[in-house]
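The first residue of the sequence shown is numbered 1, and numbering continues consecutively from there. In each ligand, atom 1 is the first atom listed, and ligand 1 is the first ligand listed. For the numbers below, each heavy atom of this structure counts, side chains included, while hydrogens, waters and symmetry mates do not.
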Amino acid sequence: MDIRLEQTPAKDFRAPVLVVFGWEEGGGTFAHPWLDDVRASGEFTGKAAESILLHRPAGTAAERLAFVGAGKREKLTPGQLRRAAAVAVRQVRSKAVTQVAFALDAQTATAELVSEVAEGVLLGDYEPDILKTDPAKSEKRVQSATLLVPEVTEALGAAVERGRVLAESQNLARDLVNEPGNRLNPTVLAAHARAVATEAGLDCEVLDRDRMRQLGMGALLGVAQGSDEPPTFIILRYHPESAASADHLGLVGKGVTFDTGGVSIKVAEGMEKMKYDMAGGAAVIAAMRAIARVKPRVRVTGFVPAVENHISGRAQRPGDIVTALNGKTVEIINTDAEGRMILADALTYAARQGCTHLVDAATLTAAVVVALAHVYIGGFASDQALFDKLRDAAAAEGERIWQMPLDDDYKEYLRSAFADLPNVGGRHGGAITAAYFLKEFTEGRPWVHLDIAGTAWSDDAKAFTAKGPTGVPVRTFVRLAENW
Ligand code: BES
Ligand code: MN
Ligand code: ZN
């Protein structure tokens, strides 16, 4: 999509649709008498997700005006305009309009907000329907967006570009998650990572099963053994030209390309959604792509252990005991608790690669969805300073992380009579005991675990987004590196 900045006054710009953001307090990013009329009628209050389309607006060159609710002007929070821009795009394209202009005023034509609008346009236009063959049944896409600002500056141009890089990367994560298990297995995911690395200028290494055996990744290999698809372990490296410190951030993402549950098989209902079980890995690959482009001054390496959790005559059994890379033995109580097994070895490996700080993202537990529904990412930390950095990065990007407890009292739930640890901690506090399990493999590094099981997939379409993959937490990862 073409996204441009123009300093033509909004009333003079010829476009099929001119989008005007309207505030709850009254007024909007462009003054027009019709805005006052629809407000007086009560049809438009400025609340998020509201939109109204008017034809042949008097005194403007545009063919239509779209008033889109942008929320409260006084307490403008990060994300408000991103969502409003996404609502606008989804609204106008349903009318078969492919070109859209946005009226921005002095308050909204800032670098931060221009990035948000550019992102909102690209994220709102995303649809996971690329495998539909009948174009008539696919959603229309917008072709160009023009942001009308009081003054075009270099800073605003850079803001549009940053927004484009972040949103396109986030959409890449969504595309990867959207790929079904038959089309995207660990080998294919690694091929995508290689292509991203070549295009973005990252170093890429992929460990194969033999290498994992040599290293002793018994936890990961135990999960992988049930599938005919071999596992891969993807590593993407970003080295800044001049790093601000010796810190080395490791981003680790769960890459289960399909989760049947294994011998502890899942119920059939809803199992198709388990293609999204590599959403953490997709987010890491996509964030590395963006990081290579925005070039933060911190060293970052991405790690994606990729496996298919399947059933076969070779699949691991409940009761099996495996030895993880760090030497700890784990008793498999439930083969469906596979994410923590592959992450255990990945976290140890990342620490041994010299990462000073670790952050992982994983669709790890159904329990986190019970706790936080689909709104907040569950965050668990061994280091408060690192957690605060992540929470701030997320907040700045309109993504939300809620801190969950990780006290040592939870260790008691992880007792095995036969091995150092069981791979599940019982019925209660499932998201927490899963996180506590991971902590045992972080080699004492400051670490934050993000459970994105509730937030990586949207079960319904919303005014601002399609049903399906959300691309969370790509922007948080990039902002974390930028803020480092
Ligand atoms: N990928 C799932 C987590 C999941 C389950 C996400 C359902 C969304 C919906 C993970 O591998 C898993 O199966 N977790 C189990 C762990 C349990 C066996 C301790 C879960 O949460 O049910
Ligand atoms: Mn599972
Ligand atoms: Zn899983």
Side-chain angles (χ1 to χ4, degrees), residues 177 180-181 184-186 189 219-220 222-227 229 231 252-283 304-311 315-320 330-346 360-378 380 404 410 413-416 421-438 449-459 467-470 472:
V177 172
L184 189 137
N185 55 43
L189 186 61
L220 190 164
V223 177
Q225 78 190 33
S227 173
E229 293 299 339
V252 181
K254 173 176 173 181
V256 175
T257 59
F258 194 79
D259 183 10
T260 66
V263 168
S264 314
I265 195 167
K266 288 182 181 296
V267 295
E269 198 192 329
M271 203 202 277
E272 69 281 0
K273 181 172 156 184
M274 283 301 134
K275 68 176 185 175
Y276 97 133
D277 215 15
M278 35 59 75
V304 182
V307 302
E308 182 176 63
N309 188 25
H310 226 286
I311 343 169
Q316 83 181 337
R317 296 144 286 256
D320 283 5
V330 181
E331 181 187 8
I332 308 300
I333 301 297
N334 189 316
T335 64
D336 199 8
E338 85 297 341
R340 65 198 74 183
M341 301 302 294
I342 69 169
L343 288 170
D345 283 346
D360 77 74
T363 47
L364 203 65
T365 66
V368 84
V369 194
V370 174
L372 300 171
H374 303 284
V375 178
Y376 275 83
I377 293 169
F380 304 81
M404 304 278 284
Y410 289 102
Y413 292 85
L414 292 168
R415 286 238 172 89
S416 164
L421 290 161
N423 79 328
V424 303
R427 278 201 311 133
H428 299 139
I432 309 170
T433 53
Y436 202 95
F437 179 92
L438 294 180
H449 158 59
L450 302 178
D451 195 333
I452 58 170
T455 47
W457 184 273
S458 182
D459 287 326
K467 172 182 172 141
T470 63
V472 154

Which is it for Lys254 and ligand 1 at heavy atoms under 4.0 Å: side chain, backbone, both or neither? side chain

So which N/O/S atom does Glu338 have closest to the Mn ion (ligand 2)? OE1

Walk me through it: do Gln316 and Val263 pass the test side-chain contact (heavy atoms from CB on, under 4.5 Å)? CA-CA 7 Å; Gln316 83 181 337; Val263 168; over 6 Å; no

Could you pull out, from Met274, Met278, Lys273, the option with a heavy atom nearest to atom 9 (C) of ligand 1? Met274

Student check: side-chain heavy atoms of Val330 and Arg340 closer than 4.5 Å: no

O (Asp336) to the Mn ion (ligand 2) to OD2 (Asp259), nearest 10°, is 170°

Starting from the Zn ion (ligand 3), look over the N/O/S atoms of Glu338 and name the nearest one. OE2

Metal site the Zn ion (ligand 3): N/O/S of Lys254 inside 2.8 Å: yes

Asp277: which N/O/S atom is nearest the Zn ion (ligand 3)? OD2

Looking only at heavy atoms, is any part of Val369 under 4.0 Å from ligand 1, and if so is it the side chain, the backbone, or both, or is it neither? neither

Does one side chain, of Asn185 or Thr257, offer a donor that lies under 3.5 Å from an acceptor on the other? no

What atoms of ligand 1 come within less than 4.0 Å of a heavy atom belonging to Glu338? 11 (O)

Just to be sure I read this right, does ligand 1 sit under 4.0 Å from the backbone of Asp336, its side chain, both, or neither, counting only heavy atoms? both

So is Tyr276 touching ligand 1 or not, going by heavy atoms under 4.0 Å? yes

Whether Asp277 has an N, O or S atom under 2.8 Å from the Mn ion (ligand 2): no

With respect to Lys254, which candidate in Ile452, Asp360, Asp277 satisfies the side-chain contact (heavy atoms from CB on, under 4.5 Å) definition? Asp277

Arg340 near ligand 1 by a heavy-atom separation under 4.0 Å: yes

Suppose we only allow N, O or S atoms; which atom of Asp259 ends up nearest to the Zn ion (ligand 3)? OD2

